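Note that the structure is a prediction, hence the values are computed from the model and not measured.
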Amino acid sequence: MTKYHIPLASASAPQARAVTTRRYQTNKTVIHNVQVDNELRKMTAFIKQEAMEKAREIEIKANEEFEIEKSKLVRQETDAIDSQYEKKFKQATMSQQITRSTVANKTRLKVLGARQELLDSIFEQAEKKLVDGAKDKTKYQKVLKGLILEGFYALNEPTMQIQARKKDYDAVKKAIEEAAAEYKKQVGKEVSGKIDEQNPLPEQSTGGVIIVSGNGKIDINNTFDTRLELLKDSAAPAVREALFGKNPNRKFFD
């Protein structure tokens, strides 16, 4: 029987191949794991980058929305403040106008009151001087003649009665004669006047006469007191203008 001797090298070759195969597979697994790790790191970095960019976009958008909302709120508050200021300004302006108008009216009333007081004092002084005017008999008689003659012209009747103060009877009689003569000269008609002794004027009156028609229905009151009252109404505008000047607000004149 023949025996064959197998060399050791030949006997260990499969084992060597197995070892080599295992090493190759191990290296392949290691390479694969490294590639997987690299891919995972890339994916993680990409996801992280995407997340950071998304977060940045969200942050930018949030900041924009915040700025928009802040501007809106600021604008609303500014508009509210402006509206409130305008309202208060209008109220203050109106209050100022009312105050100015009230003060102006009060001042105007005071000025008008002061002017009226001055006018009243002027007419009061004139009334006092009327009493003195009757003291000069010569001048007073001329005044009576004019007053009686005015009554003659106004009534235009042949006979009339004259009412006067008792203390003026003498002066009135002479004034009637002079007035009748003047009337005849101017009109060419006779006229007569007689003192009405039954109805004398009050002694406290300032003077003058009342001329009464023949039938007693019409009279011309030419007493000083009545003439002064008439003068207050008719002469007051002229007196005001002489004292205070023309009224700039007056648009119409008689």
Side-chain angles (χ1 to χ4, degrees), residues 59-136 139-140 142-144 146-147 150-151 153-154 163-165 201-211 218-254:
E59 182 181 4
I60 292 173
K61 186 176 181 180
N63 288 335
E64 290 177 352
E65 292 179 352
F66 169 76
E67 291 297 329
I68 293 172
E69 188 65 22
K70 183 177 73 172
S71 299
K72 182 180 178 181
L73 292 174
V74 170
R75 186 168 58 254
Q76 289 177 349
E77 290 298 323
T78 303
D79 292 342
I81 293 172
D82 291 342
S83 177
Q84 189 175 12
Y85 171 79
E86 184 177 359
K87 182 179 179 181
K88 289 185 177 180
F89 180 78
K90 287 182 178 179
Q91 290 176 347
T93 303
M94 185 176 296
S95 177
Q96 187 180 22
Q97 290 176 349
I98 293 173
T99 302
R100 187 184 295 114
S101 177
T102 302
V103 172
N105 287 334
K106 287 183 178 179
T107 304
R108 181 169 146 305
L109 291 174
K110 287 182 178 179
V111 170
L112 292 176
R115 288 183 176 182
Q116 189 60 45
E117 287 180 3
L118 180 58
L119 288 173
D120 291 341
S121 67
I122 290 174
F123 286 114
E124 286 176 3
Q125 293 176 12
E127 186 176 358
K128 292 177 181 179
K129 289 185 177 181
L130 287 177
V131 179
D132 297 334
K135 293 179 179 179
D136 188 331
K139 290 182 180 180
Y140 185 47
K142 290 181 180 180
V143 172
L144 290 174
L147 296 175
E150 184 179 299
Y153 287 139
Q163 295 177 1
R165 298 184 302 184
L201 294 181
E203 293 299 320
Q204 65 269 21
S205 67
T206 55
V209 292
I210 296 177
I211 303 95
I218 303 175
D219 64 73
I220 306 295
N221 193 329
N222 272 347
T223 58
F224 288 173
D225 295 328
T226 302
R227 295 298 293 262
L228 181 61
E229 288 299 322
L230 294 174
L231 190 62
K232 286 181 181 180
D233 295 331
S234 62
V239 175
R240 285 194 187 95
E241 184 174 336
L243 292 174
F244 314 117
K246 292 184 178 181
N247 185 355
N249 298 320
R250 188 176 180 182
K251 297 181 180 180
F252 303 99
F253 298 88
D254 296 333

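A distance of 11.0 Å separates CG of Leu230 from CG of Asp225, quoted to the nearest 0.5 Å. Taken to the nearest 0.5 Å, the OG1 atom of Thr206 stands 12.0 Å off from the CZ atom of Arg227. With values rounded to the nearest 0.5 angstrom, Ile220 atom CD1 is found 12.5 Å from Gln163 atom CD. Rounding to the nearest 0.5 angstrom, the gap separating the CD1 atom in Ile210 from the CG atom in Leu147 is 11.5 Å. Arg75 CZ to Asp82 CG: the interatomic distance, rounded to the nearest 0.5 Å, is 12.5 Å. The line from CG of Leu73 to OG1 of Thr78 is 10.5 Å long, rounded to the nearest 0.5 Å.
By the salt bridge (Lys or Arg N to Asp or Glu O under 4.0 Å) test, Glu86 is found to be paired with Lys90, residues two or more places apart in sequence or in another chain being considered. Glu67 meets the salt bridge (Lys or Arg N to Asp or Glu O under 4.0 Å) test with Lys70; sequence neighbours excluded.
Between Leu201 and Gly208, the closest heavy-atom pair is CD1-O, 3.5 Å. Minimum interatomic distance between Pro202 and Ser205 (heavy atoms only, all atoms of both residues): O-OG, 2.7 Å.
Side chain of Ser95 to main chain of Gln91: no donor-acceptor pair is present (N/O by atom type, distance under 3.5 Å, no hydrogens or angles). Under a 3.5 Å cut-off, the side chain of Thr226 and the backbone N or O of Asn222 do not form any donor-acceptor pair. Counting only distance, with no hydrogens or angles, the side chain of Thr93 and the backbone of Phe89 share a donor-acceptor pair below 3.5 Å.
Listed by first and then second residue, the salt bridge (Lys or Arg N to Asp or Glu O under 4.0 Å) pairs that reach into residues 96-106 come to none, sequence neighbours excluded.
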